[in-house]
Amino acid sequence: LCAMHRKKPFSHKQKKEQLKQKRDKKNETEPPVVAPSQTRLQRAFENISENSSGMEDVPVVDVLKVNEQPLPQRPGRNYNPNRYRLHIEQESKEVVEERKHLARTVPIEPLSETVLEVAVEDVYKPGSVLDLPRRPPWDYHMSKAQVEMNEEAAFWQYLKNIYTLHSNDELSFFELNLETWRQLWRVLEISDVILLITDVRHPVLHFSPALYKYVAEELKKHVVLVLNKIDLVPPEVVVAWRHYFLSKFPELDVICFTSYPKLEEGSEAAKEVRLRSRGRKGKRRSAVGPEELFKVIESLYRDRVDLTNWEKKLELKNVHSTQSLVANKASAVVDKEEEEEEEEEEEEEEEEEEEKDRKHPDCMCDKWEVE
């Protein structure tokens with residue numbers, strides 16, 4: 001018989017060190033992942049500018065890339081987390097310093113309500129070169145390289161038209177990353193219905209007429225406008241904005257939504273919320289808008305899309321809401337009875353204490369009453 005060697009103890013720390021050495025050895029053989037020096041869009045810009053005339057009239061734009069993410073440490077992964085970074089025009093130091101000086105010296109004066117009123121045409125100027133870029137025609141017989149090359153050329157032409165007809169002072173910040181626009185194009189093409197969620201306090205700033213026209217007229221799809229946070233403005237403002245958008249865009253469906261609805265004092269719903277939130281901080285109210293949105297989607301796609309799961313969730317939510325309302329009312333009755341009993345006990349104790357004070361020999365209450 002051969003004597004076997006006894007294994008040496010191997011701690012968890014040594015195991016981690018061994019795995020680290022294997023990874024380091026593997027990384028030495030494979031090149032690390034590095035950020036590309038320039039994107040395909042930038043290369044396309046250079047190629048088009050070399051082969052096109054009149055490009056010298058287009059001003060040079062410094063691009064600021066926001067929210068940079070660290071690159072993955074694992075080699076061999078073709079993944080760039082900065083693919084969809086926000087790309088905007090970078091302002092010069094002179095412009096920033098001038099704005100700081102104005103902020104320190106010029107006093108802030110409130111504007112009147114009439115000045116704050118803006119129309120869609122004033123913000124987006126539909127029909128101009130400022131509309132959203134269109135995806136060039138494509139089909140499944142084209143290769144990926146051909147499709148991407150056409151998209152890069154069309155986007156470059158879109159930027160050229162903007163910076164040729166408008167100066168930097170006339171433009172606000174807008175997305176310069178082609179990958180973001182590509183995602184928008186593809187999402188719009190594969191979607192059945194488009195929901196545009198806007199803040200009801202300034203919905204004109206969030207609703208693009210060009211996007212609505214592109215989806216409704218070119219893609220032949222329905223658009224639903226969601227006026228969110230209606231609890232932050234008076235009901236008259238919500239009704240006015242709803243009427244405004246329906247009059248401007250007749251094919252549009254408008255939904256009002258809020259997660260924290262305002263309730264009239266003394267109503268059953270207000271009592272329910274007050275009872276439900278008693279002693280339970282952070283309790284959310286039932287949202288207003290999901291049922292109305294479901295009815296709109298049901299009227300549009302009842303025969304083409306299965307909505308049973310959505311309908312069951314809404315029914316289950318209503319059942320839970322009813323059950324909680326009954327339970328809260330029952331608990332409220334019990335709490336009210338307990339409060340009444342406590343008040344009666346406190347009154348009895350006060351009367352007993354007053355009676356004891358009257359009968360105490362040092363108490364002069366009876367003598368004062370006689371005098």
Side-chain angles (χ1 to χ4, degrees), residues 33-69 77-90 124-168 170-196 207-223:
V33 178
V34 296
S37 58
Q38 57 178 186
T39 63
R40 290 174 298 181
L41 178 61
Q42 292 172 337
R43 293 197 298 270
F45 286 176
E46 295 177 358
N47 295 334
I48 295 175
S49 60
E50 292 176 358
N51 302 324
S52 302
S53 60
M55 303 300 294
E56 61 275 1
D57 297 334
V58 181
V60 178
V61 179
D62 295 330
V63 178
L64 175 64
K65 301 179 180 180
V66 187
N67 300 329
E68 181 180 5
Q69 301 297 321
R77 296 184 62 188
N78 188 16
Y79 170 69
N80 183 12
N82 298 314
R83 181 180 178 183
Y84 304 110
R85 287 177 62 185
L86 176 63
H87 293 186
I88 58 176
E89 181 181 352
Q90 186 174 13
Y124 287 97
K125 301 185 184 303
S128 64
V129 295
L130 300 178
D131 287 350
L132 80 160
R134 300 294 200 274
R135 185 183 187 184
W138 66 278
D139 55 55
Y140 289 101
H141 299 288
M142 301 173 62
S143 63
K144 179 182 178 182
Q146 289 177 329
V147 173
E148 292 183 346
M149 184 176 63
N150 292 341
E151 291 175 350
E152 291 169 355
F155 187 65
W156 170 248
Q157 187 64 38
Y158 169 75
L159 295 179
K160 176 187 174 182
N161 295 336
I162 290 179
Y163 286 107
T164 302
L165 300 178
H166 298 275
S167 62
N168 294 342
E170 299 174 349
L171 300 173
S172 60
F173 294 106
F174 66 99
E175 182 60 74
L176 299 174
N177 189 356
L178 175 59
E179 295 299 330
T180 303
W181 292 105
R182 280 174 170 160
Q183 290 300 306
L184 176 63
W185 293 334
R186 285 149 179 77
V187 168
L188 294 178
E189 289 177 358
I190 65 176
S191 299
D192 296 315
V193 59
I194 309 301
L195 266 67
L196 298 179
F207 182 85
S208 172
L211 179 60
Y212 167 79
K213 184 178 181 180
Y214 175 69
V215 174
E217 298 182 5
E218 299 184 25
L219 299 181
K220 304 298 181 181
K221 297 185 179 182
H222 293 278
V223 181

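All figures in this text were calculated on a predicted structure; none of them were measured in a lab.
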Please identify each residue that fulfils side chain to side chain contact (heavy atoms under 4.5 Å, CB included) with [X], with sequence neighbours left out.
X	result
E175	L86, H87, N177, T180, W181
E189	R135, W138
K221	V215, L219
S172	none

Applying salt bridge (Lys or Arg N to Asp or Glu O under 4.0 Å), can you list everything that pairs with R134, at least two apart in sequence or on another chain? E218
d(D131 CG, Y124 OH) to nearest 0.5 Å is 11.0 Å
Using 0.5 Å steps for rounding, measure from the CD atom of E89 to the CG atom of D62. 8.0 Å
By side-chain hydrogen bond (donor to acceptor under 3.5 Å, both in side chains), which residues pair with [X], not counting sequence neighbours?
X	answer
Q157	N161
D192	none
R186	E151
E68	none

Any idea how Y212 and F207 line up, ring-wise: parallel (<30°), tilted (30 to 60°), or perpendicular (>60°)? tilted
